[in-house]
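Report on the following structure.
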Amino acid sequence: MEQKGHHSPSYQALIKAGPRLKPLQQVQARLVVSGFGRSRSLLTKLLSLACAAGSIAYVRRLFFFIPNPDAFLFDTLIKQTSKFSFSIDSLLFYRRMILSKFSPSNYTFTAVIKSCADLSALKLGRVIHTHVFVRGYGLDVHVQAALVSFYAKSCNLSVARKLFDKMPEKTVVSWNSMISGYEQNGFAKEATGLFYLMRDLSVKPDSTTCVIVLSACAQLGAIGLGRWVHEYIVAQALDVNVVLGTSLINMYARCGQVGKAREVFDSMTEINVVAWTAMISGYGMHGYGTQAVELFHQMRVHGRRPNSVTFVAVLSACAHAGLVHEGRQIFKSMRQEYGLMPVVEHHVCMVDMFGRAGLLNEAYVFIKEVIRERPAPAVWTAMLGACKMHKNFDMGVEVAEHLLSVEPENPGHYVMLSNIYALAGRMDHVEMVRNIMIRKSLKKQVGYSTIEVDQRTYLFSMGDKSHPDTHEIFQYLDELMSRCREAGYVPESEWVMHEVEEEEREYALRYHSEKLAIAFGLLRSSHGMTIRIVKNLRMCEDCHSAIKFISVITNREIIVRDKLRFHHFKGGSCSCLDYW
DNA sequence: CTAGGGTTAG
């Protein structure tokens with residue numbers, strides 16, 4: 001008679017089969033034949049491996065034939081399905097468990113709440129939250145952490161925070177859930193703020209905390225805090241695995257230090273697709289197209305398959321570096337060699353690439369012939385950008401009008417159309433577009449810039465007077481700009497529309513957020529230090545030209561990351577070579 | 001017998 005438990009031959013056979021569908025089915029067949037087909041513990045293990053194998057259909061079939069599933073089997077099933085992102089199945093098994101009169105435990109809840117979080121299923125999650133109360137698990141640390149992250153992922157940050165604040169006992173994971181909630185919703189400042197609080201309360205950050213905080217640093221361009229985290233990792237001898245390594249690469253690249261990013265990349269023992277992609281995109285953002293393409297080809301040498309995201313990264317690198325030939329080849333290889341179907345994001349990269357290079361007709365032909373179905377608005381937006389960059393008035397107006405008919409509520413299209421009219425000197429049309437915007441009460445997206453000084457991030461918006469040293473900053477900026485004018489800087493004609501409101505217009509150009517942030521940075525840092533700015537939108541031409549002059553007269557290197565890429569200003573020129 | 005939080009693009 002075969003023994004039971006973890007040493008039984010059947011159990012060993014399952015372990016040996018591992019998370020692979022075919023071998024699992026063979027073991028299952030033998031179980032049935034040998035009479036062990038009804039052993040619940042073996043079936044539980046089999047189900048769990050089937051989930052890991054990614055075959056939800058097999059899991060469903062297996063479950064159907066299990067005569068008496070117990071609570072443990074349900075728990076395992078719900079846990080594994082949620083872990084491998086079969087969120088809906090996980091919820092359905094939860095429902096079955098309740099209907100079968102089993103009591104869900106704290107283990108059940110952690111898993112099922114994660115599924116709700118992954119689906120952003122707010123209503124259902126709330127219902128399950130009431131189940132948690134009814135069953136008396138409201139104070140369980142694990143369940144609470146899951147709930148915090150569920151509410152955060154469902155865009156209910158204030159609810160998440162209330163739960164977090166009320167937690168009687170907070171573990172690192174509780175902190176991580178809340179910090180990550182802020183970070184993933186784009187509230188990087190709140191994320192770092194909570195991290196500082198955690199540090200002040202002497203809660204020891206672990207490697208997950210580091211990953212989350214590094215992402216926040218990447219968002220903010222907070223190199224000081226990012227370096228601190230890196231030093232902490234080294235001091236604590238935390239294991240730099242792929243995930244942590246990738247977040248370091250991402251942080252350094254997005255904070256303007258590609259070289260440091262590459263050092264981390266080279267020091268990593270295991271490199272997966274995500275890490276390769278992060279490094280490629282890092283090069284791309286800085287305009288180092290050749291390095292990006294080279295790395296992309298090295299991936300193949302190392303036997304790693306690029307995924308869809310990798311292609312976005314490398315194609316956008318080609319676009320920003322004018323590598324049309326390489327980009328075209330890589331795009332072709334996407335389907336032919338890797339069997340990946342290009343989607344909107346890739347099309348946008350291609351149109352952007354042709355457009356930047358001045359090949360407007362190629363871009364147009366690409367849209368008409370390569371993209372078969374109705375091209376997405378994002379594709380036309382890229383085309384419009386190219387028309388503006390190369391001052392193609394007729395095509396620009398046509399594209400803009402098309403975009404406005406498809407997305408009449410998108411303020412970005414109006415701003416672009418108006419700028420094109422302004423460039424062509426059609427002031428009557430500029431006014432007209434502006435009036436439409438006012439009538440529809442469409443507001444341009446608010447621009448802001450951040451700068452980090454002494455590991456604290458400061459935020460400036462246009463004409464911002466909220467800073468305590470406002471007077472000093474404005475005075476210094478005025479002085480700086482007059483020195484720029486003496487050196488030959490000519491402010492851009494005021495008619496290009498950046499701001500819709502009349503009062504804002506006067507102010508707009510002189511006090512754009514990046515100029516304020518730079519003035520503040522120059523005041524607060526010692527001579528020779530690089531100034532690093534992050535801007536949420538793209539930089540305007542006037543600021544771009546002004547910063548070139550500022551870099552000369554103050555003899556400083558100024559690095560600006562805008563919505564799309566990096567600009568390294570040094571000695572009067574910019575690394576983007578005026579194409580951005 | 002199990003748990004909660006983590007990386008890449010635009």
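Reckoned from all heavy atoms, side chains included, excluding hydrogens, waters and symmetry mates. Just so it is clear: chains get the letters A, B, ... in the order the sequence lines come, proteins before strands, and each one is counted from 1.
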Which one, [options], comes nearest to the side chain of [X]?
X        : options              : answer
A:His142 : B:dA9, B:dG6, B:dG4  : B:dG4
A:Phe72  : B:dC1, B:dG5, B:dG10 : B:dC1
A:Asp140 : B:dA3, B:dT8, B:dG6  : B:dA3

With the threshold set at under 4.0 Å for non-hydrogen atoms, list the residues of [range] touching DNA chain B in residue-number order.
range                       : value
residues 289-319 of chain A : A:Val309, A:Val312, A:Ser316
residues 197-207 of chain A : A:Asp206, A:Ser207
residues 152-179 of chain A : A:Lys153, A:Thr171, A:Val173, A:Asn176, A:Ser177

[X] [atom1] - [N] [atom2] separation (whole Å):
X        : N     : atom1 : atom2 : value
A:Lys83  : B:dG4 : NZ    : C1'   : 13 Å
A:Tyr283 : B:dT8 : OH    : P     : 18 Å
A:Arg40  : B:dT2 : CZ    : P     : 18 Å
A:Leu244 : B:dG5 : CG    : P     : 18 Å
A:Met279 : B:dT8 : CE    : P     : 14 Å
A:Phe265 : B:dT8 : CZ    : P     : 15 Å
A:Asn272 : B:dT7 : CG    : C1'   : 8 Å
A:Asn106 : B:dA3 : CG    : P     : 12 Å

Under 3.5 Å donor-acceptor pair, A:Ser247 side-chain atoms to B:dT7 base atoms: no
Exam field: side chain A:His302 to backbone A:Met299, donor-acceptor pair closer than 3.5 Å: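 Between the backbone of A:Met299 and the side chain of A:His302 there is no qualifying donor-acceptor contact (under 3.5 Å).
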Under 4.0 angstrom, heavy atoms only, what part of the nucleic acid is [X] near: base, sugar-phosphate, or nothing?
X        : result
A:Ser281 : sugar-phosphate
A:Arg254 : sugar-phosphate
A:Val141 : base
A:Gln184 : sugar-phosphate

Check: A:Tyr151 ring centroid to A:Phe164 ring centroid under 6.0 Å: no
Distance flag, aromatic centroids of A:Phe195 and A:Trp175, threshold under 6.0 Å: no
Polar contact flag, side-chain donor to acceptor under 3.5 angstrom, A:Tyr58-A:Gln28: yes
Polar contact flag, side-chain donor to acceptor under 3.5 angstrom, A:His142-A:Tyr137: no
A:Arg96 CZ: over 12 foreign heavy atoms closer than 6.0 Å: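 Result for CZ/A:Arg96: open.
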Within 6.0 angstrom of A:Phe63 CZ, more than 12 heavy atoms from elsewhere: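 More than 12 within 6.0 Å, yes.
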Sub-4.5 Å side-chain heavy-atom contact between A:Leu47 and A:Thr76: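 The answer is no; the side chains never approach within 4.5 Å.
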Min side-chain heavy-atom separation A:Pro104-A:Val112 under 4.5 Å: no
A:Lys114 side-chain N/O to B:dG5 phosphate OP1/OP2 under 4.0 Å: no
Parallel, tilted or perpendicular, as decided by the 30° and 60° cut-offs, for the rings of A:Tyr182 and A:Phe187: perpendicular
CA sep, side-chain torsions, deciding dist, call: A:Asp75, A:Lys79, salt bridge (charged side-chain N to carboxylate O under 4.0 Å, His left out): CA-CA 6 Å; A:Asp75 274 356; A:Lys79 169 78 183 66; over 6 Å; no
For A:Trp276, the option from A:Phe265, A:Phe296, A:Phe311 that meets ring pair (Phe, Tyr, Trp, His ring centres under 6.0 Å): A:Phe265
